[in-house]
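A short worksheet on the structure shown next.
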Amino acid sequence: MSFRTAQIRLVSSHREVYEPCDDSFALVDALLSDRNNLIEHHPTLCMEVGSGSGYIITSLALMLGQEASGVHYIATDINPHAVRVTRETLEAHGVHSELITTDIASGLEKRLAGLVDVMVVNPPYVPTPEDEVGREGIASAWAGGENGRIVIDKILPIADNLLSDKGWLYVVTLTANNPSEICLQMRQKGYAARIVVQRSTEEESLHVIKFWRDFDTQVDLKEMAATNKTVPARVMESLVSQFPLSAFWRSGPQ
Amino acid sequence: MRLLTHNMLSSNIKGVANGFPLRIEVEKVVEKKVDLNADFLRNIFPKIEWKAFAEAARTLGYAELPEDADSSFLDSDDFLDKFHHALLELHLEEGALICPETGRRFPVNKGIPNMLLHEDEV
Ligand SMILES: C[S@@+](CC[C@H](N)C(=O)[O-])C[C@H]1O[C@@H](n2cnc3c(N)ncnc32)[C@H](O)[C@@H]1O
């Protein structure tokens, strides 16, 4: 089967909507490289936070199929123009996602908790002055405040609440975001992590990190709580071996 | 917006205790046929708040759903057809969602609910 995401057309654009860029391509490449796992994962509900042009969610829907396959999609963006462009991109490719204009997943936390099997996020991650974060218009597409972490740090606990037991989360990060620290933070919530794609451009080094709830991690956490020890050595080793700029991709069942 | 999404949305205004279900104000409903997947329907059924769902379907002009439903209904093809139609084929294209506690109106345009809050509501 020829793969169609390479042909995603931007049918619509808007000067206040983020156009697909290196980070968007890295995320789609990550999803493509994990495609067989994703298909075997049999997700029921996939979600994108910050869908922008719709490039990612449209690619995912083409990759995993629609209602007949039992896969459903929901995408949000804080920028109303972006959500409208997402709709047009989806329609132009004959796929459907439910869409909501909202801050991250506000309004969904209660009833959608524990139902999302795959979440994808290319967040605003550029370090900027704090007051640029969440402003109206295109700045909110990239402005991430101190270390570019403000929006990411809001998204992670919300993702943890929405993800199902078998839920997977794919997030784009920049080296400046301190991705190993993000992994440690997620580890404390019981998630294992793997770098799916690592890519350096002239200005930045991007990582697409995949998180999943991990039984071993949860056992480690219980041990830590019981023995009052800090992060076990082997956890640190596996994280350090992946960062920074490591071209080493851990292979594994996930 | 499908009724599946309506069933997952609550009013997000600060201080609201019972923000579910959002009342629906209808301006325009569209129907789009999609393939039925019985496994999906069986898996999602326990997650659906049935009363809110049946009421929402009625508001959109579809009155074929029973008032109450339990998992034994899922053996009936007729029930699955109706459940599928109301859950996935009816779209609120234009209208609004109303917070049941405060009456705050969240507009729905081109099928997209806008849940953004004003500063004093966050
Ligand atoms: C880097 S762009 C990515 C756009 C698109 N997903 C892509 O990969 O090309 C980040 C997107 O997140 C949106 N965004 C920023 N803050 C948000 C928030 N608090 N809630 C939802 N979306 C947000 C922006 O409007 C923007 O569309």
Side-chain angles (χ1 to χ4, degrees), chain A residues 12 42-47 51 54 61 65-88 90-91 94-117 134-136 140 154 158 161-162 164 166, chain B residues 1-14 16-22 30 32-49 52-53 84-85 87-93 97 99 104 106-119 121-122:
Chain A
S12 160
H42 292 297
T44 297
L45 199 71
C46 302
M47 177 169 187
S51 61
Q66 292 263 291
E67 293 84 7
S69 327
V71 195
H72 293 260
Y73 302 87
I74 183 161
T76 70
D77 202 292
I78 200 169
N79 173 353
H81 304 299
V83 187
R84 274 196 292 276
V85 175
T86 295
R87 173 174 168 152
E88 287 163 21
L90 286 159
E91 275 179 359
V95 288
H96 179 86
S97 169
E98 288 290 286
L99 300 169
I100 303 175
T101 305
T102 194
D103 183 1
I104 305 179
S106 181
L108 294 166
E109 298 97 332
K110 282 192 198 126
R111 298 271 308 133
L112 199 67
L115 292 184
V116 177
D117 297 319
R135 274 213 203 137
E136 267 181 39
S140 69
K154 280 191 201 154
I158 295 170
N161 169 48
L162 295 184
S164 67
K166 67 169 193 181
Chain B
M1 185 197 68
R2 287 174 168 161
L3 292 188
L4 173 60
T5 303
H6 172 259
N7 212 264
M8 299 299 151
L9 263 182
S10 314
S11 170
N12 50 354
I13 300 168
K14 192 178 92 185
V16 166
N18 290 310
F20 182 86
L22 293 158
V30 295
K32 293 179 202 157
K33 291 269 166 234
V34 288
D35 293 329
L36 183 149
N37 181 313
D39 286 337
F40 167 74
L41 294 173
R42 291 196 184 96
N43 290 334
I44 200 77
F45 177 79
K47 316 288 184 196
I48 300 293
E49 280 266 357
F53 175 56
H84 169 78
H85 178 68
L87 191 69
L88 302 176
E89 295 186 328
L90 296 177
H91 297 252
L92 180 65
E93 188 70 7
L97 303 174
C99 170
R104 157 74 142 88
F106 298 96
V108 178
N109 297 122
K110 298 197 165 173
I112 306 166
N114 185 335
M115 302 300 293
L116 293 178
L117 297 173
H118 307 303
E119 256 168 47
E121 297 172 320
V122 189

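Chain A is the first sequence line, chain B the second, and so forth, proteins listed ahead of strands; every chain is numbered from 1.
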Checklist entry - Do you know which of N7(B), L41(B), L36(B) has the most heavy-atom pairs under 4.5 Å to chain A? => result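 Top count of heavy-atom pairs under 4.5 Å with chain A: N7(B).
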Can you say whether [X] sits under 4.5 Å from chain A via the side chain, the backbone, both, or neither, judging by heavy atoms?
X: N109(B); result: neither
X: L97(B); result: neither
X: N114(B); result: both
X: F20(B); result: side chain
X: H91(B); result: side chain

Just so I know, are the side chains of [X] and [Y] near enough to count as touching, which here means a heavy-atom distance under 4.5 Å?
X: R111(A); Y: K47(B); result: no
X: M115(B); Y: D103(A); result: no
X: L4(B); Y: E98(A); result: no
X: L115(A); Y: M8(B); result: yes
X: I100(A); Y: I112(B); result: no

Item to check | Closest approach of L99(A) to P113(B) (non-hydrogen atoms, all atoms of both residues) | outcome: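 For L99(A) versus P113(B), the nearest heavy atoms are O-CD, 3.2 Å.
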Item to check | Considering all heavy atoms, the nearest R87(A)-G111(B) contact | outcome: NH1-N, 3.7 Å
Checklist entry - Do E49(B) and K110(A) sit within salt-bridge range, that is, some charged N less than 4.0 Å from a carboxylate O? => result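 Answer for the salt bridge query: no.
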Checklist entry - Taking NZ, NE, NH1 and NH2 as the nitrogens, is one of them in E67(A) or K33(B) under 4.0 Å from a carboxylate oxygen of the other? => result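 No, E67(A) and K33(B) are not salt-bridged.
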Item to check | Portion of I78(A) that has a non-hydrogen atom of chain B nearer than 4.5 angstrom | outcome: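 Answer is both: backbone and side chain atoms of I78(A) are under 4.5 Å from chain B.
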Next on the checklist: Between S69(A) and chain B, with a heavy-atom cut-off of 4.5 Å, which part of the residue counts as in contact: side chain, backbone, both or neither?
Outcome noted: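 Backbone only.
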Checklist entry - Taking atom OG1 of T101(A) and atom CZ of F106(B), what is their separation to the nearest 0.5 Å? => result 12.0 Å
Item to check | Interatomic distance, T5(B) atom OG1 to L108(A) atom CG [nearest 0.5 angstrom] | outcome: 8.0 Å
Item to check | Enclosure of K32(B) NZ (heavy-atom neighbours >12, cutoff 6.0 Å) | outcome: yes
Checklist entry - Does any donor atom in the side chain of S106(A) or N12(B) lie under 3.5 Å from an acceptor atom in the other side chain? => result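 Yes, a side-chain donor-acceptor pair sits under 3.5 Å.
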